[in-house]
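Shown next, in structure tokens, is the structure this report addresses.
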Amino acid sequence: MDTQTVSEEREFGLTPEERASWDENGYFIRYDVFTKDENDVLRQIADDIAIGKRPFPTENIDQNALVRDGKVETSGIHAMHKIHHVSCYCPEFLERVRDPRLTDPIVDLLGSNILGLNNLYIWKSPKIGLGFPWHQDKWYFNHQYKTEMTVGTWTAIDAADKENGCLYVIPGSHKYGILAHEDLEDSQQNEFKIARDAKDEDGVAVEVPPGAVVWFNNQLLHKSTDNHSLRFRRCNVAHYISANAERIPKKDRKNVRPVMWVRGETYSEKMEPVYRDVLPIPESD
């Protein structure tokens, strides 16, 4: 993997302290990366999607499982869990995915040629927002790419703390390799499998204010807890991969994710298209 310093000017590259935290712990945090006004743009677009004011593929919209299963009655943004592949359909989200404040540090980690693998906007609604179990994102991405490492970014739209369901990580767990992931029978959201070898007592809460960003190795074990507060806990998540990564043929994949160009050169276009602009919204039935 080419992670040598490149000649392009990068204002937001890794500091030595961040690189040390990345190598040792598998993640690092920056504060005040995005302003409230900048994050409010994404928040408003996501809320408009949730209430039907802005068109968006219905298959990319997930309700909160308690609402979906009829255990809680609510609507609008309070009924939401997440929208995914947002940057494929919303130029404002694509601009955020390509923002050098997010991607400059990734150049130091993955090299200068970068693709966007996935983009999620997640609501964790007051009192009913559900957490997810210990897992490694790369366990899922391994079904699409053969690559040593991918990088995730987690941007706080709201303050994230223990009360409203912040992230927890196990520092250094990116060195464990990919653990076995199994079905979790009692998982209400029924979205993730669980890495059962992860131990809660090893977890560290990642409490951050709005506008902060967490960069994490996608082999890092992480989870979040339920929202017990009267506040939202919203975040924007973007995953990145080297454009040099080898794609697994479609016939051998369990999931197919649209991939967006972020910066640098693109090599895997030889196998499939890599999108550079937003995709058209599919017509609803």
Side-chain angles (χ1 to χ4, degrees), residues 29 31 34 36-54 56 58-86 93 118-135 137 152-170 183-195 198-214 216 221-238:
I29 305 168
Y31 299 92
F34 296 104
K36 180 181 184 300
D37 288 345
E38 288 175 315
N39 278 343
D40 279 348
V41 170
L42 302 191
R43 179 192 57 76
Q44 188 61 61
I45 292 169
D47 286 354
D48 286 347
I49 291 171
I51 63 176
K53 284 183 61 177
R54 181 165 179 145
F56 197 76
T58 55
E59 64 270 21
N60 289 5
I61 301 175
D62 296 331
Q63 276 193 323
N64 177 289
L66 297 174
V67 178
R68 180 197 66 204
D69 297 342
K71 297 181 178 180
V72 170
E73 289 188 11
T74 189
S75 61
I77 61 173
H78 286 80
M80 292 296 293
H81 169 51
K82 77 172 187 302
I83 46 179
H84 50 102
H85 301 317
V86 200
F93 275 85
N118 197 8
N119 177 209
L120 314 169
Y121 184 94
I122 300 172
W123 291 261
K124 194 174 281 194
S125 297
K127 289 296 183 182
I128 66 169
L130 297 168
F132 51 83
W134 290 114
H135 70 284
D137 290 336
T153 63
W154 193 99
T155 300
I157 304 297
D158 305 300
D161 51 53
K162 294 178 182 178
E163 187 181 6
N164 72 352
C166 68
L167 284 176
Y168 285 74
V169 302
I170 297 180
D183 289 331
L184 185 64
E185 295 80 9
D186 59 350
S187 175
Q188 182 69 48
Q189 194 65 47
N190 195 28
E191 181 179 4
F192 289 95
K193 297 180 183 292
I194 183 172
K199 298 177 182 179
D200 281 339
E201 57 266 32
D202 295 334
V204 174
V206 182
E207 297 184 285
V208 291
V213 177
V214 183
F216 60 98
L221 283 160
H222 60 290
K223 72 169 188 174
S224 77
T225 52
D226 295 349
N227 185 354
H228 299 291
S229 78
L230 296 176
R231 297 170 287 123
F232 271 98
R233 196 233 67 182
R234 290 165 284 210
C235 65
N236 185 59
V237 180

Notebook entry, point to check: Between the side chains of D226 and H228, is a donor N or O closer than 3.5 angstrom to an acceptor N or O?
Noted result: no
Check: Side chains of D158 and N39: donor-acceptor distance under 3.5 Å anywhere?
Finding: no
Next item on the list: For L167 and F132, run side chain to side chain contact (heavy atoms under 4.5 Å, CB included): C-alpha distance rounded to whole Å, both residues' side-chain angles, the deciding distance at 0.1 Å, then the answer.
Entry: CA-CA 9 Å; L167 284 176; F132 51 83; 4.0 Å; yes
With rounding to the nearest 0.5 angstrom, report the [atom1] to [atom2] distance, [X] to [Y].
| X | Y | atom1 | atom2 | value |
| --- | --- | --- | --- | --- |
| E201 | I170 | CD | CD1 | 8.5 Å |
| M80 | T74 | CE | OG1 | 12.0 Å |
| I157 | R234 | CD1 | CZ | 8.0 Å |
| D62 | I122 | CG | CD1 | 10.0 Å |

Test ring pair (Phe, Tyr, Trp, His ring centres under 6.0 Å) applied to [X] - qualifying residues, sequence neighbours left out:
| X | result |
| --- | --- |
| F216 | H222 |
| F56 | Y89 |
| W154 | none |
| H78 | F232 |

Considering non-hydrogen atoms only, spot the tightest contact between [X] and [Y] and give its length.
| X | Y | value |
| --- | --- | --- |
| S125 | N227 | O-ND2, 3.1 Å |
| S224 | G165 | CB-O, 3.8 Å |
| Q63 | R68 | OE1-CA, 3.7 Å |
| E207 | K162 | OE2-N, 3.0 Å |
| Y168 | G203 | CD2-C, 4.5 Å |
| K82 | H84 | CE-CD2, 3.8 Å |

Suppose we screen for side chain to side chain donor-acceptor pair (under 3.5 Å). Which residues come up paired with [X], at least two apart in sequence or across chains?
| X | result |
| --- | --- |
| E38 | T35, R101 |
| D200 | W134, K223 |
| D161 | R231 |
| N164 | none |

Item checked: Derivation of the side chain to side chain contact (heavy atoms under 4.5 Å, CB included) call for N64 and V72 -> CA-CA 9 Å; N64 177 289; V72 170; 5.9 Å; no
Item checked: Stepwise side chain to side chain contact (heavy atoms under 4.5 Å, CB included) test for C166 and V206 -> CA-CA 6 Å; C166 68; V206 182; 5.7 Å; no
Note to self: Test of understanding: with side-chain contact (heavy atoms from CB on, under 4.5 Å), list the residues that count as partners of K36, not counting sequence neighbours.
What the structure shows: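 Result, side-chain contact (heavy atoms from CB on, under 4.5 Å) vs K36: D40.
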Margin query: Restricting to side-chain contact (heavy atoms from CB on, under 4.5 Å), what partner residues turn up for A159, sequence neighbours left out?
Written below: P210
Check: Is L130 close to H81 at the side-chain level, that is, under 4.5 Å between some pair of heavy atoms?
Finding: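 Heavy-atom side-chain distance check fails, nothing below 4.5 Å.
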Check: Under 4.5 Å between any side-chain heavy atoms of V208 and V213, yes or no?
Finding: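 V208 vs V213: side chains apart.
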Checklist line | Which residues share a salt bridge (charged side-chain N to carboxylate O under 4.0 Å, His left out) with R233, sequence neighbours left out | finding: none
Margin query: Which residue is it: T155, N118, L120? I am looking for the one with a side chain to side chain contact (heavy atoms under 4.5 Å, CB included) to V237.
Written below: L120
Note to self: I need the single residue from I77, I61, N60 that forms a side chain to side chain contact (heavy atoms under 4.5 Å, CB included) with I49. Which is it?
What the structure shows: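 Running side chain to side chain contact (heavy atoms under 4.5 Å, CB included) over I77, I61, N60 with I49 returns exactly one hit, I61.
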Next item on the list: Check step by step if side chain to side chain contact (heavy atoms under 4.5 Å, CB included) holds for W123 and I83.
Entry: CA-CA 9 Å; W123 291 261; I83 46 179; 4.0 Å; yes
Item checked: E73 atom CD, neighbour heavy-atom count above 12 within 6.0 Å ->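 Not buried by this count: 12 neighbours or fewer within 6.0 Å.
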Margin query: Is it the case that the side chain of K124 and the backbone of T225 share a donor-acceptor pair, with hydrogens and angles ignored and the cut-off at 3.5 Å?
Written below: yes
